[in-house]
> 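The structure follows.
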Number of protein chains: 2
Amino acid sequence: MNYSVTFLPDQITIELEAGKTLLQAANHAGIGIKSSCGSEGTCGRCKVRVIDGTYQYDNRFTCTLPDKHRDSGYVLACKAFIDDNIIVEVPAESRLENHQVLMEDTEGVLAEKNISLLNGYNLNPLSKKIKLSMDAPSLTEIISDLSRLEAELAKQSGIKNPIVGLSVLSQMAENLRKCNWKVTLTLAYNGKDYEIIRIAPGHDDSSCYGLAVDIGTTTVVVSLVNLEDGRSIDKMGTYNHQAKLGDDVVSRMIHSSSELNGLQDLQSLVIKTINELSSKLLEKHQIASDEICIMVTSGNTTMTHLLLGLNPKYIRLEPYVPTATFAPIVKGKDLGLQMNSEGLVYSFPAVASYVGGDIVSGALVTKISSKEELTLFIDIGTNGEIVLGNQDWLISCACSAGPAFEGGGITHGTRAMRGAIERVDIDKETFEVRVSTIDSGKAIGICGSGLIDCIAKMHQVGIIDRTGTFQDTESKRVQITHDDKLFILVWENESGIGKDIHISENDVKNIIRSKGAVFAGIQSLLKTLQLEIELIDKILIAGGFGNYLNIPDAVKLGLLPDLPIEKYEFVGNTSLKGAELVLVSQEAWEQAEIIGKMMTYLELSVGNLFMDEFMQAIFLPHTDLTLFPSVELR
Amino acid sequence: MNYSVTFLPDQITIELEAGKTLLQAANHAGIGIKSSCGSEGTCGRCKVRVIDGTYQYDNRFTCTLPDKHRDSGYVLACKAFIDDNIIVEVPAESRLENHQVLMEDTEGVLAEKNISLLNGYNLNPLSKKIKLSMDAPSLTEIISDLSRLEAELAKQSGIKNPIVGLSVLSQMAENLRKCNWKVTLTLAYNGKDYEIIRIAPGHDDSSCYGLAVDIGTTTVVVSLVNLEDGRSIDKMGTYNHQAKLGDDVVSRMIHSSSELNGLQDLQSLVIKTINELSSKLLEKHQIASDEICIMVTSGNTTMTHLLLGLNPKYIRLEPYVPTATFAPIVKGKDLGLQMNSEGLVYSFPAVASYVGGDIVSGALVTKISSKEELTLFIDIGTNGEIVLGNQDWLISCACSAGPAFEGGGITHGTRAMRGAIERVDIDKETFEVRVSTIDSGKAIGICGSGLIDCIAKMHQVGIIDRTGTFQDTESKRVQITHDDKLFILVWENESGIGKDIHISENDVKNIIRSKGAVFAGIQSLLKTLQLEIELIDKILIAGGFGNYLNIPDAVKLGLLPDLPIEKYEFVGNTSLKGAELVLVSQEAWEQAEIIGKMMTYLELSVGNLFMDEFMQAIFLPHTDLTLFPSVELR
């Protein structure tokens, strides 16, 4: 039995069979709805309002939404099952916003588009074009077409015994003869040998291009790179379409192993995301997808598994073992990627289940492993990945920071997008609040950097104590509900979502646990190696979160070590940069493989070290104040 | 507009659109009809009798059939176009006979089935099974599943960095855990590296199998080989289904480049032929096709091109250049072969367009290239391929013997099958004839060895002179038509085809030209190297034709050199034997590649050498009788 489902204000109506959820219906209709928990009914992100029609509801999850929302007709889209024609309204805060991420990711980038990616490496791209001119065969010189081509290739470039697949070989005879034995080969290097991916008739002067892809759990960014001069031409980013099926890696892993076709769905969604971005880039720059013979992807271990169709199930289960850390180089056609079907797809090697290719890529491009100085590399997203080391050794760990710094699990948390509160000032007398938002948009929520600033300020003015507990303060902005305490940041009439925006005591404690996990991770690495914090020469902050982070705030919170600000450096999206670098340098790829092998991994769930550190770190800034000498307590 | 086409005596009726030929209709109905010329309308092999209904006829080809056949309603199936409901009768002599070839090819084989194929090589198969037992991962030992497997494989077998494809990798995690970290790997060697083709849970004691395939223009033989002990278990052969579209390589090449989808049709037909044989073999021996991880094919250059979907067009056009002599090793799934889809398919390297992988395979298995003695290797089929050499050098050539020795282009020529005349005795006084047929069947025609014997005898008793010209003899068996002279071998009432079986003067001259081409090829090789015929230590006769060949007859005819019979050896289907050998010996494959590279090719169409030799050789036995001292002239 099919029913119609109409989404407002989009005015999109689709037909769907009874028993599907409203969330599935929305995905079907192309409307991206947040689902942080992966349809578990626990995050409350997917709420929609039923305007007309009835539905079956899984009442166990009724309590996920606050009373006032339930009273206004809101339901969890993931737990409402269609059994009637129905009209639902999707509120702005439940939507995945594509456009804003896209803008955000391209903006910072345009400025650097003329900078070579090589970073000290020699230009030796993974794919190259080579023009050959051969003598035509004659009765006295009758070696096969392929041997003739190989001999000329070896003579001209030194490349011997290239791989040639059947699809290229089957067109070769005609292509050699079309322009009188002049051809342009496109070669791709598979880490060992060259493969002839295309044989184009005539001498083709066009450049050779590759795509670097940063596959984040939240966002995917694709960079189009000119392999002949080693420059990024353009890049575009958007939400990872997988977000429809779960916000973080854990919910994706659950989806992939518990849902029928869950793994295939997730794989298709990330491939769709990459293809959409590359199509746009290639169309914009008038490059045929067939010209793309190489792609380098960088992502955390789960993302890499999902891209390749490998079930990440055992990443989630103790002892947390991935299927592969060094994944095979595959063909574009194996994955359905928008590129030459014979083209090669590299995946950055990973170190362990929770220290993935994105971190190896970061370590590669920041050259930690080729410097004498002791560097601490921190990438904070849903997980916090930390690398410590120098040219002699590298150690890494992953701490479940949770999604709080990306706005997850926080009542009014949001990603860093237009309207996200990024700075908070609180008057220490009146507790009046002034907020700054990204792009000065009407406030829609509070992002990671805003949360850090906010909590630092709340502590500074005495709204919370060192444990994050709300103090008795005379402020109309502090409100008490039956199970939580709230501090109103933006009143309903000034907010962009038609209601108050607040931070609750639970939110504060959530953030403190997150920051405690990151700092405890840093401490665990140092203590394992019996190093003092002062020995760190350089701290590199990677990832999108870093772009908006205020270092002094983060130190005050106890998230980052209390070291001179000169030692800190924001390095941006190193995952993407490493992928770009590998595209243009075979030696960089070799170095990536070396890093993948040399980096040791400290599993924090073994022993008590991490837990002891964590218990000390869930204070503002820390129980051991000697670690934070510069932080003045109130 | 569709019409019905009914075939008698099969009683098969199909519907087909107007404009298709009766030959296409027969193929469609699954009735194999001979078509030596590839629907050119010139061979007359596809004749069928129209019982009822009308058709469009291409009258340019009317003269291909003799008057009396035309008068009885016979037409060329390839030139009669459907435009009505039609009933046709397919006579026995126009049919491709599958069953007889099958029996013929399996019979000789059963006797040798317990003989190891290794022929002095060590057993080191291209595919092998390896059982591994690993420790389960723990929190303190968390390397990825793949790294764990690779480490154990290296420890146990020394095999490092195996290739693993996504389809195997995606099942690996579950397969490792199903039987507590005990698995059986199936590996295939690609000439450089091992690829893991299967990971089966638990320890599997079953053997590892491979298929050797001899792809002849006429027949295809598949041998099932146990790779663990290097023995052939069974083999089966049948007609190459491509024969529907042309009898010889030239007609196949024409079809592949002139017909829409001609190449794909030919590729599908040979793959269908191989799959039918392997299905039967695997079913008979209860082996799953998934267990077959390696296949080695051996065929002439055109057959190898067609198998791989490479257009053989330029093989036919001067200067006769193939696309590849060293074809890539491909996957079963690339070709749709009945085997493990990740399994590897080897194609024997070729030397040139007309000296193919079958000859390299023959040179490999007969060890010409590792002996001091000077060996002449002759494989006579439609083409005659000749190799001369020893451990230091190998030279080869191909002479267009034409299809006469296989019965092609001879009025009552037939392949060596039941009922084919293989011996002829002629009374020198009465010219009465006694024939012996294969399996003592009623005579249906005369096969290659029968033709040789017949002509030798006709010369001996004076029916023909040294040029093959009919002499005036008083015999009712000699008949004269308006354009030819006939010698009746079997009268209508004794024949199996309801009419006289004869050999004509044209047939005799045809055979003399064929034998002349082969002998001229031998002489050309010898003269190029300035060697005397007596220096040849060994003459190896390969191919199905050899099985029925009478050496003294062939010498009398001037087909083979006049050397002591002890120097001759029949080596049978060396193409298949070489493929079997490579399956069980990686070193043999290396040697095959060496042979492919070291063997030089003499193009007989360059210069006058071959033509001069040919002109001398189209006499019985030769113009230079000193070359045939043992042959007594009448």
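Residue numbers begin at 1 in each chain, while the letters A, B, ... track the order of the sequences. Here the structure is a predicted model, which means the values were calculated and not measured.
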> Is the backbone of A:A350 close enough, under 3.5 Å, to the side chain of A:T301 for a donor and an acceptor to pair up by distance?
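No, the answer is negative, given that no donor and acceptor are paired below the 3.5 Å cut-off.
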> Is the side chain of A:T600 donor-acceptor paired with the backbone N or O of A:L394 at a distance under 3.5 Å, no angle test?
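Judged by distance alone, yes, a pair lies under 3.5 Å.
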> Output yes when a side-chain donor or acceptor of B:S353 lies under 3.5 Å from a complementary backbone atom of B:Y320, and no otherwise.
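Yes: the side chain of B:S353 pairs with the backbone of B:Y320.
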> Side chain, backbone, both or neither: which part of A:S138 has a heavy atom under 4.5 Å from chain B?
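Looking at A:S138, just its backbone touches chain B.
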> Count the heavy-atom pairs under 4.5 Å between each of A:V330, A:T323, A:I142 and chain B, then report the option with the highest count.
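Counting heavy-atom pairs under 4.5 Å, the top option is A:T323.
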> Who wins among B:E174, B:R177, B:K192, B:E141 for the most heavy-atom pairs under 4.5 Å with chain A?
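Of the options given, most contacts go to B:R177.
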> Between A:N300 and A:M303 (side chain of the first, backbone of the second, donor and acceptor by atom type, cut-off under 3.5 Å), is there such a pair?
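The answer is yes, because a donor-acceptor pair under 3.5 Å joins these two groups.
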> Can you tell me which residue among B:I196, B:L153, B:D193, B:L185 is in a side-chain contact (heavy atoms from CB on, under 4.5 Å) with B:I159?
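Output: one option passes, namely B:L153.
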> Taking every heavy-atom pair that is under 4.5 Å apart, which of A:H305, A:E318, A:M172, A:E603 has the most such pairs with chain B?
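Counting heavy-atom pairs under 4.5 Å, the top option is A:E318.
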> State whether the side chain of A:Q267 and the backbone N or O of A:L307 hold a donor-acceptor pair below 3.5 Å, judged by distance alone.
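Judged by distance alone, yes, a pair lies under 3.5 Å.
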> Short question: side chain of A:S347, backbone of A:A327 - any donor-acceptor pair under 3.5 Å?
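Such a contact is absent between A:S347 side chain and A:A327 backbone.
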> At a heavy-atom distance under 4.5 Å, which candidate from A:L169, A:I163, A:N311 has the highest pair count against chain B?
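Of A:L169, A:I163, A:N311, A:L169 has the most heavy-atom pairs under 4.5 Å with chain B.
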> Do you know which of B:S605, B:P322, B:A173 has the most heavy-atom pairs with chain A at a distance under 4.5 angstrom?
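Of B:S605, B:P322, B:A173, B:P322 has the most heavy-atom pairs under 4.5 Å with chain A.
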> Any residues in residues 144-152 of chain A near chain B, with a heavy-atom distance under 4.5 Å, and which are they?
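At a heavy-atom separation under 4.5 Å, chain B is reached by A:S144, A:D145, A:L146, A:S147.
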> Determine yes or no for a side-chain-to-main-chain donor-acceptor pair under 3.5 angstrom, with B:S396 supplying the side chain and B:L602 the backbone.
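Absent.
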> Could you check if a side-chain atom of B:Y354 sits within less than 4.5 angstrom of a side-chain atom of B:I315, using non-hydrogen atoms only?
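A side-chain contact exists here, since the closest heavy-atom pair is under 4.5 Å.
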> Answer yes when A:E342 and A:K331 have at least one side-chain N-carboxylate O distance shorter than 4.0 Å, and no when they do not.
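Between A:K331 and A:E342 there is a salt bridge, with a charged N closer than 4.0 Å to a carboxylate O.
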> Does any backbone or side-chain atom of A:L335 lie under 4.5 Å from a heavy atom of chain B? Answer side chain, backbone, both or neither.
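For A:L335, the contact with chain B is made by the side chain alone.
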> Find out whether A:L344 and A:M295 are in side-chain contact, i.e. whether some heavy atom of one side chain is under 4.5 Å from a heavy atom of the other.
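The answer is no; the side chains never approach within 4.5 Å.
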> Taking 4.5 Å as the heavy-atom cut-off, does anything in residues 256-266 of chain A contact chain B, and if so which residues?
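Within residues 256-266 of chain A, no residue comes under 4.5 Å from chain B.
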> Need one label for A:V164: side chain, backbone, both or neither, based on atoms under 4.5 Å from any heavy atom in chain B.
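Just its backbone gets close to chain B.
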> When you measure from the side chain of A:N175 to the backbone N and O of A:I199, does any donor-acceptor pair fall under 3.5 Å?
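Yes.
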> For B:L176, is it the side chain, the backbone, both, or neither that has a heavy atom closer than 4.5 Å to a heavy atom of chain A?
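Neither part.
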> What class does the angle between the rings of B:Y189 and B:Y194 fall in, given that below 30° is parallel, 30 to 60° is tilted and above 60° is perpendicular?
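Because their plane-to-plane angle lies in the 30° to 60° range, the rings of B:Y189 and B:Y194 count as tilted.
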> Taking every non-hydrogen pair under 4.5 Å, which of B:V606, B:L308, B:L166 racks up the most with chain A?
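Max contact count across the listed options: B:L166.
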